[in-house]
Engineer: 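Here's a structure for you.
Both ligands and their constituent atoms are indexed starting at 1 by order of listing.
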Amino acid sequence: MPILEETTTVDASEWLPDAEVAILPAGSTEQHGPAMPLCTDFMAAETVARGIADRADVAVLPTVPVGVSAHHRHFHGSLWVSEDTFESYLTEILESLPDHGVEKAVIVNGHGGNVGSIGRIANELYRSETAFVVPWSWWEGVGDTPGEVLPESTSVPGHAGAFETAMILYAAAELVRTERFEEAATGQGDGRRWPEPAPRGYDFADWTDNGIHGDPRPATAAAGEALFEAARDSLDELVDWLAAESVDNLRPREHK
Ligand SMILES: [Zn+2]
């Protein structure tokens, strides 16, 4: 089972040379309102990433659990690092892979605040011809599934609404405080700190009183399983392509 942290160096010496694509899950440890655990974003990313761990041509790397979340700092328990730190840390993790012969990767992201940084990481590694990295947030892989399994939910991924809540009900139901769904849904306030055309807000505390944006009440574990399967299948398809592609064809073009 190619989950890197669960193997040994002896076993890795046997399967790592066959690994074509590294899968790096990254998320955040941040408030998700009264009902959802702080690990929501990294657990979702890890769950989807490990969904393809039975492939012989991937190495699933350890999950990066803290991300770019300073905009959640007003709420108890949120952790964050700067964009610079996050970008350096992930870049250097990915730079350690070519030594083991792995020059392609997918960052499976679970947190909206990481998106800009992950794009810059991939761009820099491409320009430096170190590795070809696909930035991929798990909610990009779910296609039409949210409309089918959570028709009441309009916000994807939202923040601690039905979409994320369904995923965690599937992945780790024991961490979801379902008895607080009502409080979560009704305690958000009016969603605007200043009148238009002023910005809606810069921090989560500017536009939500209790830290959530959405409504967890329609979430079910079955909906979460469907979202997981859709995302996993999309990731699997992405890795099919990436594994088959030659490294040469993933380098910057020659000057015209
Ligand atoms: Zn989240």
Engineer: State, with a plain yes or no, whether a side-chain heavy atom of W136 is found less than 4.5 Å away from one of L238.
Structural biologist: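 Result yes, sub-4.5 Å side-chain heavy-atom pair found.
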
Engineer: Restricting to N, O or S, what is the name of the atom of D41 that lies nearest the Zn ion (ligand 1)?
Structural biologist: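 Going by distance to the Zn ion (ligand 1), the closest N, O or S atom in D41 is OD1.
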
Engineer: Between atom CG of D41 and atom CE of M36, what is the distance when rounded to the nearest 0.5 Å?
Structural biologist: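 It comes to 9.0 Å.
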
Engineer: At less than 2.8 Å, would any N/O/S atom of H159, backbone or side chain, sit next to the Zn ion (ligand 1)?
Structural biologist: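 Coordinating: no.
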
Engineer: Nearest 10°: the angle subtended at the Zn ion (ligand 1) by H32 NE2 and E164 OE1?
Structural biologist: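 Angle NE2(H32)-the Zn ion (ligand 1)-OE1(E164): 90°, rounded to 10°.
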
Engineer: If you round to the nearest 0.5 Å, how far is CZ of F75 from CG of N210?
Structural biologist: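 The CG atom of N210 sits 7.0 Å away from the CZ atom of F75.
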
Engineer: Is any side-chain N of the basic residue among D203 and R193 closer than 4.0 Å to the acidic one's carboxylate O?
Structural biologist: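 No salt bridge links D203 with R193.
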
